[in-house]
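Note sheet for the following structure.
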Amino acid sequence: MSETTPGAAEAATEPFRYAAALAAEIESRWQDVWEKEGTFNAPNPAGALSDPAAGDVAAKPHSFIMDMFPYPSGAGLHVGHPLGYIATDVFARFQRMNGHNVLHTLGYDAFGLPAEQHAVATGQHPRITTDAAIANMRQQLRRLGLGHDPRRSISTIDPEYYRWTQWIFLQIFNSWYDQETAKARPIAELIAQFADGSRPTPDGRAWSELSAAERDELLGDFRLAYSKEVPVNWCPGLGTVLANEEVTADGRSERGNFPVFKSNLRQWMMRITAYSDRLIADLDLLDWPEAIKLQQRNWIGRSEGARVDFSVNGDAITVFTTRPDTLFGATYMVLAPEHALVDSIVPAAWPAETHEDWKGGAATPAEAVAAYRAEAAAKSDVERQVDAKIKTGVFTGAYATNPVSGEPVPVFIADYVLMGYGTGAIMAVPAHDHRDFAFARAFALPMRCVVQPTDGRSQDPHEWDDAFDTYDSVIVNSAHDSLSLNGLSVVEAKAAATEWLAARGIGEGTVNYRLRDWLFSRQRYWGEPFPIVYDEDGVMHALPESMLPVEVPEVEDYSPHTYDPYDSKSSPKTPLSRNEDWVNVELDLGDGVRPYRRETNTMPNWAGSCWYELRYIDPANGEKVVDPANEGYWLGPTDQKPGGGADLYVGGAEHAVLHLLYARFWHKVLHDLGHVSSVEPFHKLFNQGMITADVYRDERGFPVPAAEIEERDGKYFWQGEQVKREAGKMGKSLKNAVAPDSICDEYGADTLRLYEMSMGPLDVSRPWDTRAVVGSYRFLQRLWRNIVSEDTGELVVTEETPDEATLRALHKAIDGIRGDMAGLRFNTAVAKAIELNNFLVKRGSTPRVVAEQAVLLIAPLAPHIAEELWRRLGHTESLAFADYPVADPVYAVAESVICVVQIKGKVKARLEVAPSISDAELEALALADPAVVAAIGDAPVRKVIARAPKLVNIVTG
RNA sequence: GCGGCCUUGGUGGAAUGGCAGACACGCAAGCCUUAGAAGCUUGUGAGGGUUACCUCGUGAGGGUUCAAGUCCCUCAGGCCGCACCA
């Protein structure tokens with residue numbers, strides 16, 4: 001490739017030409033200047049990063065512009081990765097030129113699975129491979145000329161960073177959610193309530209009578225971070241448990257694509273569910289894409305309904321339903337197989353006349369239940385979903401009583417009812433629910449129609465093909481002495497039924513959420529250790545702040561303990577537990593030196609990214625997670641940002657319910673506890689699209705190197721063989737990755753930046769086309785040529801006063817580009833800059849004042865060439881803080897506009913008119929135009945619409 | 001199944017309800033060059049006409065409007081999210 005590189009060939013013969021060699025020289029020189037002078041260091045109002053020389057920064061407008069920080073992969077970057085970084089950099093530079101104090105930096109999210117897997121594969125310690133990957137990435141990104149504040153570039157694996165991750169964990173651990181005030185409070189305040197009796201303990205004993213273990217257990221039910229045995233997603237192939245958000249729709253791990261099983265394990269959880277309502281409500285404060293807000297709302301899944309108690313042999317089974325109006329139609333019940341009440345309701349023998357199909361072939365109900373449970377537990381989530389259409393289950397042998405009809409209803413267990421949602425038990429209304437209908441058909445259960453069908457079917461469900469689940473109808477067959485729902489609409493009946501239940505103490509209106517608590521522990525080496533130890537009695541102790549950070553220990557063997565991916569009976573083992581020297585410690589936690597065992601789970605890789613925006617603000621603060629003065633300055637709420645948060649956050653939409661939900665949750669806890677003034681971490685969110693690339697596959701379907709494809713007559717060949725082309729992601733595995741370095745080598749970083757920004761709107765995916773990059777390169781060459789001679793390197797700008805046409809072209813460009821920049825419409829901003837430049841090319845010469853404005857206009861997009869031209873135009877200061885051009889309204893409006901005259905919507909004439917012309921004048925002018933008169937002919941004019949100054953439409957006939 | 005988004009020349013894309021196709025790639029012709037590459041100039045939605053110019057045209061069909069790529073409805077195709085969530 002190097003032989004055909006244009007820059008290399010030209011460098012020797014044309015030293016003054018803006019080609020690769022000159023671009024490379026300019027770019028590395030300016031990158032050095034920026035670094036040496038600390039051009040992009042943003043002063044804080046307080047602390048180590050404040051700068052007296054910067055004046056009163058508090059009085060300056062300021063912007064905090066962020067990227068979702070990268071995971072440093074060993075594979076290196078392709079051109080798709082920096083798209084967002086370039087976009088935020090362009091905007092950050094634009095805002096800086098608008099006088100803003102701009103905080104813009106980039107850190108590294110470096111704990112996590114891939115680094116560990118890479119380390120295991122190469123036999124190198126994860127810290128070594130991760131550091132190497134970060135160094136490589138810094139190198140690649142530096143070439144792009146990103147204006148970052150290097151002092152703020154944190155890394156999550158730095159002990160000085162994760163000591164604060166652990167500190168925040170302790171804040172969360174030492175808090176509980178007070179439903180009364182709807183906010184987190186220190187756990188000490190709850191203990192005080194128990195101690196002084198203002199809050200009774202569950203069993204009524206005094207707090208002082210409880211053992212340490214009992215107190216521990218009780219507080220665990222309140223803490224926002226707690227350890228508990230719960231059904232979790234166990235992934236034997238990875239050897240770790242996973243959060244719900246990390247499991248794909250088809251029941252596999254997002255990383256590695258291994259099957260995931262439900263397993264009851266003691267794990268760390270975060271009580272994110274306490275914040276369900278606030279996480280939904282505060283979305284209204286945010287300037288986020290509606291699609292992302294919707295995804296978060298759906299993920300939290302608020303649904304209003306009722307809890308209803310069904311009695312079984314004196315016990316009550318509580319169900320959650322969104323349709324209390326159909327209570328009369330509940331003809332059986334289903335519990336999740338894991339439901340705690342199952343064992344207590346199962347009778348010794350099958351009731352007389354039990355349907356054979358209900359028994360699952362077992363001699364007793366207990367055997368049937370045991371067999372079904374075993375079967376369900378062995379199923380992976382994948383299998384469970386594949387089998388979703390076929391309803392399975394067994395009868396428990398018990399009957400419950402329908403609270404409104406008083407009828408006995410059989411109680412089943414079935415895996416279509418999930419333990420994790422609602423109460424893990426349902427009332428089944430087969431006539432009006434598709435799943436219940438299918439189950440009832442399979443087990444020959446009775447059905448009752450209680451909602452009047454509106455599609456012509458009869459009221460006998462046994463004649464139906466499927467359930468009738470429309471809300472837009474009225475209730476029927478639903479009355480007894482004290483309650484009649486007949487004739488009520490669905491909405492009215494819901495309220496009436498709920499009220500009736502509440503009055504009798506057997507139910508109440510309630511809200512249920514799909515969101516579950518966040519599974520927060522992983523069986524990994526390469527993550528933050530928990531600042532938790534256990535004493536000899538197994539009682540948990542949080543370490544004091546003074547013992548932070550708990551460093552990741554150096555070990556011989558850091559590989560995870562993985563299993564056969566399908567071995568659902570396996571259970572997790574933590575790599576840290578192998579290291580007895582580290583696990584067993586002697587500490588003085590206030591009552592003398594005692595032996596303790598450390599917690600050996602580690603935090604998930606999301607932990608570090610849950611709060612990094614706070615550390616960007618105050619990276620060197622050793623006293624606090626962030627100085628309130630600095631937090632308030634950069635993130636504090638304002639009229640424009642009612643919840644506060646970073647001014648712009650750019651990243652991929654794939655984090656919609658992972659990182660973005662977790663980070664909002666942590667931020668709210670820190671807010672409640674008084675550590676931050678902002679309620680939300682990110683005010684404006686922008687999702688950039690993906691850069692896609694053609695994938696070429698051979699006959700066997702394997703990708704072949706895209707760079708080696710030859711195209712002939714619309715067909716594609718690799719090494720003489722015809723191959724197929726398809727659209728795909730860009731990446732190493734598809735052999736179509738293009739490295740930013742290769743584009744920089746061939747054209748320069750400014751060309752790459754410009755090309756990426758001009759490919760299309762930032763928020764949509766677009767295909768990479770290496771051939772098209774040359775267009776951006778040519779533009780920069782023409783810009784250069786308008787200002788500097790290619791033959792001599794001398795300035796060629798003229799000292800003339802620009803004529804009016806030139807001023808109009810300039811100010812029209814300024815006006816348009818300014819608006820486009822502010823709206824992140826960089827593609828059209830580039831187009832307008834090219835138009836201005838093309839105008840100057842045609843003009844034949846460039847007046848100095850116009851050249852300077854053009855250079856400033858393009859500076860955020862192509863900063864190196866702009867700095868160089870600015871310097872050559874005689875300026876000694878960097879243009880990073882020069883004022884961005886402002887359009888003069890006198891010239892931004894065209895002197896004359898072409899008005900189109902339409903007759904019945906078809907253009908018949910064009911008039912050149914002043915922009916200030918009135919509708920009436922324009923109408924008169926149009927009707928007098930000979931072409932218009934001719935076109936109208938004899939037809940009567942029925943109506944004339946004039947929209948000065950651009951359009952007149954004459955309606956005839 | 002539920003929810004959301006998208007569909008414009010050969011390609012990427014542009015168009016506050018007001019001249020569809022800005023800008024760029026590609027392609028074609030020309031200039032330059034020993035030749036190529038690079039660069040420069042001109043042209044480039046489709047069809048018709050010698051020119052002026054005419055007709056058609058934004059996935060398909062319908063509607064609202066003086067006027068629709070843009071707003072509404074139906075349908076098709078594609079993408080994304082959720083999914084046995086009671």
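Convention: sequence-line order gives letters A, B, ...; per-chain numbering from 1.
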Measure CG/A/L335 against P/B/rA86 and give the value in whole Å, please. 18 Å
Write down the distance separating the P atoms in B/rU8 and B/rC71, rounded off to the nearest Å. 15 Å
Is A/R785 touching bases, backbone alone, or none of the nucleic acid, heavy atoms closer than 4.0 Å? sugar-phosphate
Does a distance-only test, which skips hydrogens and angles, find a donor-acceptor pair under 3.5 Å between the side chain of A/K391 and the base of B/rC84? yes
What contact category does A/R307 fall into here, base, sugar-phosphate, or nothing, at under 4.0 angstrom with non-hydrogen atoms? nothing
A/L83 and A/L762: CA distance, side-chain angles, deciding distance, side chain to side chain contact (heavy atoms under 4.5 Å, CB included) verdict: CA-CA 8 Å; A/L83 178 69; A/L762 192 57; 4.2 Å; yes
Would you say that A/V429 contacts A/Y332 through its side chain, given a criterion of any heavy-atom pair below 4.5 Å between the two side chains? no
Side-chain contact, heavy-atom cut-off 4.5 Å: A/M759 with A/I691? yes
Go nucleotide by nucleotide along RNA chain B from the 5' end; which of A/N827 and A/Y513 gets its closest nucleotide reached first? A/N827
Cation-aromatic face contact A/K391/A/Y416, 6.0 Å, 45 degrees: yes
Is there a donor and acceptor pair, one atom on the side chain of A/R947 and one on the base of B/rG18, closer than 3.5 Å? yes
Any idea how A/Y18 and A/Y777 line up, ring-wise: parallel (<30°), tilted (30 to 60°), or perpendicular (>60°)? tilted
What would the secondary structure line of RNA chain B be in dot-bracket form, counting Watson-Crick and G-U wobble pairs under 3.5 Å, with [ ] for pairs that cross earlier ones and | for pairs with another strand? (((((((..(((.....[....)))((((((.......))))))((((....))))..(((((..]....))))))))))))....
C1' atoms of B/rA68 and B/rG57, separation to the nearest Å: 14 Å
Check every strand shown and say whether A/A772 touches a base, only sugar-phosphate, or nothing at a heavy-atom separation below 4.0 Å. sugar-phosphate
Decide ring pair (Phe, Tyr, Trp, His ring centres under 6.0 Å) for A/F16 and A/W784; before the verdict, give the C-alpha distance in whole Å, the side-chain angles of both, and the deciding distance to 0.1 Å. CA-CA 10 Å; A/F16 303 112; A/W784 182 267; 9.8 Å; no
Look at A/R778 and B/rG26 and indicate whether a side-chain polar atom (N or O) is within less than 4.0 Å of OP1 or OP2. yes
Please determine whether any donor N or O and acceptor N or O are separated by less than 3.5 Å between the side chain of A/R514 and the base of B/rC82. no
Counting any heavy atom closer than 4.0 Å, what does A/N838 reach on the DNA or RNA strands: base, sugar-phosphate only, or nothing? sugar-phosphate
Whole angstrom value for the distance that separates C1' of B/rC80 from CD of A/Q295: 8 Å
Whole-Å distance, A/D433 CG to B/rG1 P, equals 16 Å
Consider the side chain of A/P761, meaning its heavy atoms from C-beta on, and name the nucleotide among B/rA14, B/rU41, B/rC66 that approaches it most closely. B/rA14
Rounded to the nearest Å, what distance is computed from the CZ atom of residue A/R771 to the P atom of nucleotide B/rU11? 12 Å
C1' atoms of B/rG13 and B/rG30, separation to the nearest Å: 28 Å
Is the gap between the ring centers of A/Y513 and A/W299 under 6.0 Å? no
